[in-house]
Each structure stands twice: as C-alpha cells, then as structure tokens.
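Worksheet for the structure shown next.
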Amino acid sequence: MSLMDIFRKEQKSSASVAKERLRVLVAHDRLRHNGPDYLPQLERDILEVIRKYVEIGEDDVSVQLDNQGQTSILELNVTLPDRKD
Amino acid sequence: MAKIIVVTSGKGGVGKTTTSAAFASALALKGHKTVVIDFDVGLRNLDLVMGCERRVVYDFVNLIQGESTLGQTLIKDKKLDNLYVLPASQTRDKDALSHEGVEKVLNELSESFDYIVCDSPAGIEHGAQMALYFAEEAIIVTNPEVSSVRDSDRIIGILQSKSRLAEQGKAVKEHLLLTRYNPERVERGEMLSVQDVEEILAIPLLGVIPESEAVLKASNQGVPVVHDSESDAGQAYDDAVSRYLGEDRPHRFLEKQKKSFLKRVFGG
Ligand SMILES: Nc1ncnc2c1ncn2[C@@H]1O[C@H](COP(=O)(O)OP(=O)(O)O)[C@@H](O)[C@H]1O
Ligand SMILES: [Mg+2]
C-alpha cells in the first residue's frame, strides 16, 4: 500500500460508507421480505457460481425484481473486489 | 371522522414519543381536536413527556376491557383544552391489545376528534403492528444512522403489507421525519445527510428536526417541545406540522449555524 492509498482511504467519509452499506442492506431486506420465495435461493446460487471465478463476499451480489406493467425485470448487481492496479 | 396517524420507526430511542407529543400538541395548538395514544404496553412514557403522569387513573387496556369509560380514561392536557392523552397500560402482558379492542376504542374516539395520533412501541412485532394497523397516515421517525434507516425501511414494508389499508388494496400515506439531525457532522462527512436518507427510503420528506438541547429540557419539564417556540426543535416541529396540514414551509436547520460575533468572542 502506498502513501497515496492511505490518503485516499481517509477521503472516503464514514457517511458515504454508511450509505453504501445501507443500499446493500435495504435491497437485501426488501428482497427477503417482499420478493417471491425463490429469490433468496436464486441469489445464493448466483453467488456460488460467481465464486467459482472470483472471490466475493456475501453482500456483493444483490438481486432485485422490478415490476413494470406486464413484465418483471430481474436486476443483478455484482460488486467485484478492488482492482490491484 | 378522525384522521388516524401512527408515529413509528422500528428502532427504539429515535424520537417517536417526543414526536407524538410535539405533533399532537402542535395540531391542537392549530385548533384541531386531538388525542394522542400511548401504544407502548408495559413501557408507558408518553404521559411523562406530556407531563400528565400524576393524573393517570385508568389506561388503554382498562378501556378496552370495559373497566373504565372514555371520559374516565382520557386525560385532558394541562395547557390545551382540545388535547387529550390516552395512557398505555403498565401490564406485563404485551399482547393485551387486540384488533377488536383497539378498533372499538378508535371508532369511539373517531366520533369526537379530528386527529388520533398513535405513539408506536419499538420493534416490528405485535405492539408496533397493532399501533399501525388502523393508520391512514404514518410518520416514519428516522435518525441519520444505519440501523435506524434500515429499521424504518422494514416498518415501511410492514405498512405496505400488513396495515388495514394495505389489506384493502390501498396505501397508507407515508411521511419521513428525520430527527436528531446534526448539520455540522453531516458537513464533516460523519453523518448521513437528508438527501442520503431520502434516497434510500424513497418516501416524501415531511421535516428535519435538529439534535437539540431543547428536547431534553422539554421532557424534563413535561412540556412538549413545540411550546418552546424559541427553540430550534420547537420551530422545526411546528414547521413539520404546518407542512402536514398543507402549508408550504421551507426546510430550516439543515445548515451549520454560523456562530454570531458575540458567541465567537465570548464562547458558547
Ligand atoms: N431532536 C432531538 N434532540 C435531542 N434529543 C432527542 C431528540 N429527539 C429525541 N431525543 C431524545 O432521545 C431519547 C429517545 O426519545 P423518545 O422520543 O423517547 O424515543 P422513542 O419513543 O422512539 O423510543 C429521549 O431521551 C429524547 O429526549
Ligand atoms: Mg417511545
């Protein structure tokens, strides 16, 4: 880790960390409590598949279902680990 | 017909009781006949914030069980003629409130009041669900902090699925009230901002109540903070209630207070 990295880390305020965590948490909660029954299992399966290729955490996959008229849209968000470049 | 408003949050200690007392008092101050009900069975404290604890004789559960009449149970506010308090029971039976019982009391109150404000207990279980079930509108009290925002989102989900209106395919009108807000800390990046919380919860903002010494002072004295019309929190609650009633009021107390010259010289 370079000196620049330490500097950059400090730039990220605790409030923005809180906001990011909340985004993930709230999406998970909504899915678990309001979504169709199969969604949590679907989310776990997707997590497993991605983990075959990249090391990601439990919270790095989020699945959301949006209803628009007659169609439902499955939105999948995967956060990959920080690039080390 | 009264309008039924629930003050709810999921998380405890965020300012529901403070808000219920301030909201009900402000509605009454503006001429609306109002009753505020403490749904926190076993942990009665609305009466303390309203300053009527020594006049409690009967409570909500007595009323439901027919052990007292409405006239015997309601406590008239010490300052306002058109404001009444219905205290919670101190019984240890958390399930003492039933749908039928609560409905009967609300129907009776509906005949003579304009507004019924329901102060919800913390949590998302029986007590909290009972407080929100009959509501037409909800004030979601939230602090700018991760667990509070998360719990607010959970309670919004419950309002949208388990309230009476939801069961009838209708919607409870939701209002976000952000309390204990500290603009200095938001500016320093140490606290979620109003915009952050609005974005996550995605419900309309009714008001922002600053973190204020006036709130503790008010609860020490048993006088709801809206009566302290000089205070920031008192004014912020007054704004919120005016907005609730349809007035257009700009949001205040969102920015860091600039210290006056005298304060800078003499401290404070
Ligand atoms: N805006 C505020 N500024 C400072 N203290 C507050 C504010 N709102 C609430 N409090 C304090 O927070 C504590 C919890 O408030 P309360 O209204 O009892 O919360 P709840 O009913 O949600 O448990 C009390 O000590 C109260 O005085
Ligand atoms: Mg309370």
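Heavy atoms only: backbone and side chains are in, while hydrogens, waters and symmetry mates are out. In the text below, chain A, chain B and the rest are named by the order of the sequence lines, each starting its count at 1.
- Contact annotation for Q160(B): neither backbone nor side-chain heavy atoms come within less than 4.5 Å of a heavy atom of chain A.
- Of the residues considered (L25(A), L22(A), V26(A), D29(A)), L22(A) shows the highest number of contacts with chain B, using heavy-atom pairs under 4.5 Å.
- Only the side chain of R21(A) comes within contact range of chain B, judged by heavy atoms closer than 4.5 Å.
- Aromatic ring pairs are classed by plane angle as parallel below 30°, tilted from 30° to 60° and perpendicular above 60°; the pair Y244(B) and F23(B) is perpendicular.
- Taking a 6.0 Å sphere around CD of E230(B), one finds it holds 12 or fewer heavy atoms contributed by other residues, nucleotides or ligands.
- With a threshold of 4.5 angstrom between heavy atoms, R154(B) approaches chain A through side-chain atoms but not through N, CA, C or O.
- Using a cutoff of 4.0 Å between basic side-chain nitrogens and carboxylate oxygens, K16(B) and D119(B) are not scored as salt-bridged.
- Within 6.0 Å of CD on E255(B) lie no more than 12 heavy atoms contributed by other residues, nucleotides or ligands.
- Looking at heavy atoms from C-beta onward, V117(B) lies in side-chain contact with V7(B) at the 4.5 angstrom threshold.
- Looking at D196(B), both its backbone and its side chain come within 4.5 Å of chain A, counting heavy atoms on both sides.
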